[in-house]
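Structure first, commentary second.
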2 protein chains.
Amino acid sequence: MDQFVSRFTNRIDTKGRVSVPASFRTVLAKDGYDGIYCYPSLDAPALDAGGNRLVNKITDLVGELAPYSDEYDHLATALYGTSDILSVDQDGRTILPERLREHAGITNQVTFVGLGDKFQMWEPSKFEAHLAEAQQRVRDLRKLLGAGRPSGGPEGTRE
Amino acid sequence: MDQFVSRFTNRIDTKGRVSVPASFRTVLAKDGYDGIYCYPSLDAPALDAGGNRLVNKITDLVGELAPYSDEYDHLATALYGTSDILSVDQDGRTILPERLREHAGITNQVTFVGLGDKFQMWEPSKFEAHLAEAQQRVRDLRKLLGAGRPSGGPEGTRE
DNA sequence: TGGGATATCATGGGCGTCAATGGGAATAAC
DNA sequence: GTTATTCCCATTGACGCCCATGATATCCCA
């Protein structure tokens, strides 16, 4: 299945429209989703977005909870209640609602970031900071994983 | 399965195109991947590149993590968000995006280095320095391994 | 084993297409 | 009636397609 990869930064024009990157539109089309399912990221100043796979993942997540539990209410509110389905016009452009733009701090440019089954939309400078942190965290993780590797044979044998 | 082996240095022409080595293209074709999946190496001034095997490895890595965890977010950002799928034209050439060229310090030549399931792209002089260091590390490792080898039979027997 | 022919690969250039951007008009919604 | 959204079109630069050329590697024959 095609995935959302890479990242693009596009401008918001005077009418509030922004071009959805052509490769993301292609993935959405193959996914069979009309428009973009979108909600404020739970723990980042960004917007989570995608098509059917994102919707299915949310349905599965919410479906694992007891229907009348507090968790259910909270998660359903966060993932359904705050979301929008953005329309994409025939030129491949969409308009971000004011509420979503405010959450992400987006003013005149949007960075689209592919994350495999979904993508995120960021204010460009916020994303650069986030990326630096993510890369550092992954490097730290690799060091942790590397330390556990038997590549240092003698250490492994000694243990 | 065919592997990426050997290394080649090709020029970037005035249009920013570079020939992907024919043997690498053959491996990609047999792998069934259309284009080249490519992202900045996390710990080297180089680009990691490959086909389905590389993509599958990344998908497995990211798929092991809980969808809304911090680790998932960081890994997906670092591996999907910084990557590009490079198209390869019918003459076997590709164009490296500016962002990837800058990460690797590539200006007018690229060294393609086969690493089995994937390959890397380097600025030629950076690769030479990297190779010298890697060869020195291998010598050091062999010394270590040689000390632990059962070629000295008595040590092995004693355990 | 050496030389010649052939095929393949890397390189260079021109032309057409595509994607992002900008703007206007019409329609729908408030 | 006003504003927002959708539809339609044009422009420009980047990229893909197509072709040619030279160098190198491989193959075949004497």
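Naming convention: chains lettered A, B, ... in sequence-line order (proteins, then strands); numbering from 1 in each chain. All values derive from a computational prediction rather than experimental measurement.
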Which pair of heavy atoms, one from A/M121 and one from A/C38, lies closest together, and at what distance? CE-SG, 3.7 Å
So does A/D84 pair up with A/R99, basic N to acidic O under 4.0 Å? yes
What do you reckon, are the aromatic ring centroids of B/F4 and B/F24 less than 6.0 Å apart? yes
For D/dT6 and A/Q90 - does any side-chain N or O of the residue sit under 4.0 Å from the phosphate oxygens OP1/OP2? no
Output the rounded distance in Å from CG (A/D89) to P (D/dC9). 14 Å
Taking CG from B/D84 and P from D/dC15, how many angstroms apart are they, rounded to a whole number? 11 Å
Once base and sugar-phosphate atoms are separated, protein heavy atoms under 4.0 Å mark nucleotides 9-19 of chain C, 5' to 3', with B, S and - as SSBBBB----S
Nearest-Å distance for atom pair CG/C1', residues B/L96 and D/dC15: 14 Å
Whole-Å distance, B/D34 CG to D/dG16 C1', equals 13 Å
Are the side chains of A/Y33 and A/V55 in touch, meaning some heavy atoms are under 4.5 Å apart? yes
Less than 4.0 Å between a side-chain N and a carboxylate O, is that true for B/K15 and B/D13? no
Using only side-chain N and O atoms of A/S87, determine if any of them is under 4.0 Å from OP1 or OP2 of D/dT6. yes
Would you kindly give the CD1-to-P distance between A/I95 and D/dC7, to the nearest whole Å? 11 Å
Scan side-chain atoms only and decide if A/T111 and A/Q109 contain a donor-acceptor pair under the 3.5 Å cut-off. no
Tell me the interatomic distance from A/L86, atom CG, to D/dA4, atom C1', rounded to whole angstroms. 15 Å
